[in-house]
Each structure stands twice: as C-alpha cells, then as structure tokens.
Protein chains: 2
Amino acid sequence: MSKRVTSHDVARRAGVSRTTVSLVLNRSDAATFSPETRERVLQAAADLGYKPNSAARMLVSGNSETIGLVISNKDILSVDAFVPQVLHGIGEVNQRHGFHVLLESLASGPGAGTYDHLVESRRIDGLILLNPRQDDEALKRLIENKFPIVLVGTLRHPEEASINYSASASTRQAVDLLADLGHRNVGMVAFAPPGFVAVEGRKEALRRGLVARGLDLADSAVEHANFSAESGHAATRALLTRRPDITAIFAGNDTIAIGVISAARALGRRVPEDLSVVGHDDLPFAAWLSPALTTIRNDAVRQGALAAEMLISILEGKPVAERRVRLQSELMVRQSCAAAPR
Amino acid sequence: MSKRVTSHDVARRAGVSRTTVSLVLNRSDAATFSPETRERVLQAAADLGYKPNSAARMLVSGNSETIGLVISNKDILSVDAFVPQVLHGIGEVNQRHGFHVLLESLASGPGAGTYDHLVESRRIDGLILLNPRQDDEALKRLIENKFPIVLVGTLRHPEEASINYSASASTRQAVDLLADLGHRNVGMVAFAPPGFVAVEGRKEALRRGLVARGLDLADSAVEHANFSAESGHAATRALLTRRPDITAIFAGNDTIAIGVISAARALGRRVPEDLSVVGHDDLPFAAWLSPALTTIRNDAVRQGALAAEMLISILEGKPVAERRVRLQSELMVRQSCAAAPR
DNA sequence: TTGTACGCGTTATCAC
DNA sequence: GTGATAACGCGTACAA
C-alpha cells in the first residue's frame, strides 16, 4: 500500500500547522478560521486522501466509535436469518453516526468473563447483546458497573437498557384464532433450551393466552429444540408421538417452524388440515413457505436500529427517554392455521 | 467503569520498569528474564487485571489484529442464512488467532471507494469480501495495491486471493439427474441481478451442463430475482408464465428456492410432481423444507474458515500455498426432483 | 489566527 | 537481566 498520509503531511501541503489541520477538520462549528485557510486545509486533505489514523485518535480520545456485538456461535449458526436482520438495523444507524461494529462470536455456554477482554481492551465503547441468558453473571456485572450496554431482549434487571418486545397481545390473538377454530390441545416447540429469557417469555405468553381461554399448556405439551430446523423436526416428532392429540403447535421461531412442518408431514399429518402451526419472528421467508406461515412478527431490523440508536445516545451522553423500550408484536395471519380436525 | 490499569501500574506494583512488563508479557520466548522477576510481573498483572490498551498497541505496532468483512445491505438482509454461516467460520478461526472482525455493511451498488475509509483509517489489517461484483473497480484497485484481501467468491483477477468453489461438477450431476428423469425444458431463477460473479458462474455452469446433454438454456428460460424469497416468487411467476413448458428450475440459492416452490404452488403446480426444483447452497434449513430440497452444497462455514485462515497467514507473512483455492461442491439429492410430467 | 509542547499507553532500541 | 528513552499520530491547552 502507498505510504500513509499523516496530519503532518496535510499541514505541510497547506502551509499551516498540524493544529490548524486538526481544528479545521474536527471542529466544523468553530468559525475561528479564515475561509481561505480553511479551504486550503480541506483541499490539501482531499488531495492527499488524508484519513486520520484511528488508533492514534482512539488513544487520545479514549473512545473507538465502535460498538461490539456479541453472539453465541449457536445462535449465529442457526437462528439464521434473525441475526442478519438485527445486524442490518444496527448497520444502518451506525453508518449515519460513523460508528463501526465489532462482531464477537463467543463459544456457547454461560461464557463468564468472555466480554471482559473486549471491554477492557478498550476496543469498543459499548455493547449490544442479543438474546441474553438469565444466568449470565458476567453480563450482570457489566451492567452494574455501568458499562454502556443495550440488550436486544431483556434480563429483567432494573438497571438494564434494552429493546424488548411483548409477545403477549399477539400470542393472545393467535390463541384466540386457534381456539375459535376449535383447537383444544395446543403444544409448543421452543427454539432453544430453557435458560434463555426469550424462550421462557414466549412460553409464558402462550400459557397465559391459553389459560385466558380456559385451556392450558401442560408440561407434556412442550418440547425444547436447539436453534436449528433439524432440532425442530426432532422435537416435534417427540412431541407428537407423546401427545398425538395435539392439533396446533406454536413454534419458537420461524426456523423451528420449518422443522415442525416437516415433522408433521413425516408423521403423515397435513399442514394446516391436520395440524396448525404458528411461527414467531416473521423472517422474510415466512410468507413464502408452503403453506405461508402464520407467525408473530418481531421486527428484528427495527430492534437492531433502536438498540444502536439507544447505545449511541448513551455513548454521546444524550438523554435517553426510556431505557427499557417495549415494542408490540403483531400477528401475521396467513395459511398455516385451519379448523381443528375432528 | 473502574479506572483502567496501565502497564505503568503493573510495573510499579512489581517493582520493575514498564519495559520489563512489556517484554515479559509479550515475548513468551525471551528467556532473558530471571524467573523471579517474570513471576512478579505476571502476578502483578493478574492482581490488577491488566489488559493492554489496544489503541496504544495498534498505534505503535501498526496493525489492529482486526479483519474487516464487507457486506452489502442487500446481501445481509436477504441472502439470509448464508452470511451467518460464513461469519461463523470466520469467527472460529479468528478466535484461535486472537483476531477480531469488523463488520461493515455498505449500501448496495457499485460502491466505489467505500472500503477506502476502513482501509485507510488503519482500523483493519485485511479484508474479507463476500460475493464480489465484476464491476467493482475500488476492489480491483485494492487488490492491485496489494492490500491484504481474500475473496469468498472470485473476481477472476490474476492477483486475487480467493476461496471459491466450482459448481460445475455437481451442476452437471444435477442436470444428469433431471435429464434422466425426462426433463427437456429447464429454467433458472438467478439469486441476484446480472453483474455478480456468482450469478454468472452458476448460470454458465448450468448452461454447460445442459449443452453436454444436448439441451440448452435459452435466454427466455432465465429470470433474475433479487436476493429474497419474495423476489424468487415473483421471478418464477414471470418465468413460468412466459415459458409454461418448463418442468424443472434451478434456483440461484435455497432462499430463492423457497420462492420458486411457493410460486409453483400458486400457479397450481405441485413440487416435485409437476415441477422439479434444485436449490443451491444447502443452508441448514434446506433438508427440512417440504419437499426436502435437492440442492448443490456450498459449504459456507468452511469457506469462511478457509478465507480467515488464508488472510491471517498473509497478514502474518506466512507462505500461502495456494492463493486461489477452489473447492468442489456436492449435489445433495433429496425430494424436490421427480420425473417430468408428460 | 496560528504554533509549541505535551500526553495518551505501548513497544523497539540501545545503554547499563 | 534490566531500565531509560524515543517514537507511533493525533488532539488540545496554552502561549504568541
């Protein structure tokens, strides 16, 4: 690569001092320079293609204009399309604010201490964390130490900053839809093992919805998958074998729903005629599955964008109106639910 | 956050100089210190929880131990599960080598000059680029300037370093499979507009495969989608309306295949009885679609890992045996192809 | 309006 | 074996 251009080079070319260069370039507001000087500096910088060395800038300013995004390997491998959506939301906001994203994928598990390296090396100014686990102590410590961190999801920690959404209302709607179609035995295939807050949240929302209609969610009606469509398939086989009376299944997410549908077919059940399926997330492909998936919309792009906005506000010291944003989800009714077979 | 610990603090606590601290901590090979001093330093660092400030380290060493990954928004939104797979492969290798990934999503389009900011701010040491476009001049310039960059895909540039794979053999197999099943009119729905190397490559592989069997790929048998399942649906509708004689479709990737299947159904064609479909990539969900998708496997995790390995080797000045790695793809035969209707 | 001088935390070089 | 000193490139008081 061609030799790097320093502020010194720019200064020389413009015939001014490095101070002037720095001031002109960084303080656009300061009208404290002659338009002529200003112009010369800008011109020289452009001619030379000057880009400040970010390391030096970081060192002196103490921040990196970079936010970390931590994702467990399991998630990234298999929650599939959800992560990119969030990423997209974050990316767009970042670009507007000149921030960068450092992606850290960590081995799964409680992962104690895994953020510390990132945080303490000062490589990042703040952190966005997807799908936290309830038992993540390292994370709690970070929050309590006031490290700037925004959750996509929630830890139900009083001090957390988070973008979360409520599945209650739309889950309730979905339950109503199914109950009205005559379903009495409803099951669930969670997207991950117990311990993830989102898993428990979705399960609870379903339970409450069912109870409100005089139904229930027996433990025998719940299986836990493990992120992938494949695991969804296996879990559904187990579930329907144990509880063949079940006529409707809530899938923990849309990827799991693919597995649910495939397992149903493998067991000789048509969807939706013999088994109704409700997904979760409304990933872009959901509407194009066969049958088109009825699912609870959880706008990942929006959540990513909001999380990034909030984090950047915190980092810039701007006031944040609400530190715990709660969005409403929305039921997308499509073709995967039908009247209960009799 | 608690005050940061500098090497100076460690030095004081251990009763040695900063130099000693640095040498002990960074040069595990240098036997040039008394075991006792060595121990004292290590102990002090551990007690204080010392983590070197990465900005300072970057400034002096000139590299950031970070690799950039540039992804166009369009990709990340819609090629969906492919990107996370690659990311996963990269992440694993990086973790082993202590590297980080900086993710830059750029607005789509030719995007001239978009990497420059990243590159010249010295924020990253090297770059991995997915799915390059043939007309990306900024990229070519970067390669010609010897900036360390590894493509996942290819630009067919003599100086490039790339991880690529050949779809020829397995496309040929797929064509044979279909031809043997009696299909004569085969179409294609590309995953993106013309201009992406991978789009053209897949199309050419198909054309050659067909010609080898005495068939052809007329222009009227090709439609271009635009990354999403939805666009695959629309493109397929157009294709099958224009060429109702087509009985088998190669989808540009598995996400597009979802759209192809859904469009076929919407037009009253059963898959695979009335229309055979071949996907591309073998994303984790492909085996669980209904019908299970016959697809050309393109191991994204492996490609990501290989790209990261290669880039890190280049960065560390290690010899790289092959700068243009070419993997073989593999046909996964499942349920989405059947005898041509007559 | 501009220049000088210093600090940020680390590492390399060269004395001791 | 160990320690002082000088960079790395930038931002910014402070002096001029």
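Order of the sequence lines fixes the chain letters, A, B, ..., with proteins taken first and strands second; residue numbering starts at 1 for each chain.
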Flag the pair [X] and [Y] as a salt bridge only when some basic side-chain nitrogen lies within less than 4.0 angstrom of an acidic carboxylate oxygen.
{"X": "A/Glu309", "Y": "A/Arg96", "value": "yes"}
{"X": "B/Glu144", "Y": "B/Arg141", "value": "no"}
{"X": "B/Lys146", "Y": "B/Glu159", "value": "yes"}

Estimate the overall bend of the helix from C/dT1-D/dA16 to C/dC16-D/dG1 from the end axes over five pairs each, rounded to 10 degrees.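 So the angle between the two local helix axes works out to 40°.
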Distance from A/Thr154 atom OG1 to A/Asn131 atom CG, nearest 0.5 Å?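 That separation rounds to 11.5 Å.
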So, taking the atom named CD1 in A/Ile124 and the one named OG in B/Ser54, what distance separates them when rounded to the nearest 0.5 Å?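 Separation between the atoms: 10.0 Å.
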Whole Å only: how far is the [atom1] atom of [X] from the [atom2] atom of [N]?
{"X": "B/Leu25", "N": "C/dT11", "atom1": "CG", "atom2": "P", "result": "8 Å"}
{"X": "B/Arg18", "N": "C/dA12", "atom1": "CZ", "atom2": "C1'", "result": "13 Å"}
{"X": "B/Glu39", "N": "D/dG1", "atom1": "CD", "atom2": "C1'", "result": "17 Å"}
{"X": "B/Leu48", "N": "C/dG9", "atom1": "CG", "atom2": "P", "result": "14 Å"}
{"X": "B/Arg40", "N": "D/dT2", "atom1": "CZ", "atom2": "P", "result": "8 Å"}

Using side-chain heavy atoms (C-beta onward) and a distance below 4.5 Å, is [X] in contact with [Y]?
{"X": "A/Gln134", "Y": "A/Arg156", "result": "yes"}
{"X": "A/Ile149", "Y": "A/Leu139", "result": "yes"}
{"X": "B/Arg123", "Y": "A/Thr66", "result": "yes"}
{"X": "B/Leu327", "Y": "B/Leu306", "result": "yes"}

Under-3.5 Å N/O pairs linking protein and nucleotides 13-16 of chain D:
none

Spell out, as yes or no, whether a donor-acceptor pair under 3.5 Å connects the side chain of B/Arg40 to the backbone of B/Ala14.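 Pair found, side chain donor or acceptor close to backbone of B/Ala14.
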Quick check: does any side chain N or O of B/Asp125 sit under 3.5 Å from a backbone N or O of B/Glu65, one acting as donor and the other as acceptor?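 Indeed, once roles are kept as given, a pair shorter than 3.5 Å links the two residues.
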Return yes when atom CD of B/Glu36 has more than 12 non-hydrogen atoms of other residues, nucleotides or ligands closer than 6.0 Å, and no otherwise.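 Count not over threshold, so no.
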If you only use heavy atoms from C-beta on, which nucleotide in C/dG3, C/dG9, D/dC10 is closest to the side chain of A/Pro52?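 Looking only at side-chain atoms, A/Pro52 lies closest to D/dC10.
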For the side chain of A/Ser22, starting at C-beta, report the closest nucleotide among D/dT2, C/dT2, D/dT12.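 Out of D/dT2, C/dT2, D/dT12, the nucleotide with an atom closest to A/Ser22's side chain is D/dT12.
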Residue-phosphate contact under 4.0 Å: [X] side-chain N/O, [N] OP1/OP2:
{"X": "A/Tyr50", "N": "D/dC10", "answer": "yes"}
{"X": "A/Asn53", "N": "D/dC10", "answer": "no"}
{"X": "A/Ser7", "N": "D/dC10", "answer": "yes"}
{"X": "A/Thr20", "N": "C/dG3", "answer": "yes"}

Applying a 4.0 Å non-hydrogen cut-off, can you work out what A/Thr6 is touching in the nucleic acid: base, sugar-phosphate, or nothing?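 Sugar-phosphate contact only - A/Thr6 comes under 4.0 Å of backbone atoms but never of a base.
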Nucleic acid contacts of residues 56-68 of chain A, taken as heavy-atom distances under 4.0 Å to DNA chain C: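 Those residues whose heavy atoms fall under 4.0 Å from DNA chain C, taken from residues 56-68 of chain A in numerical order, are A/Leu59, A/Val60.
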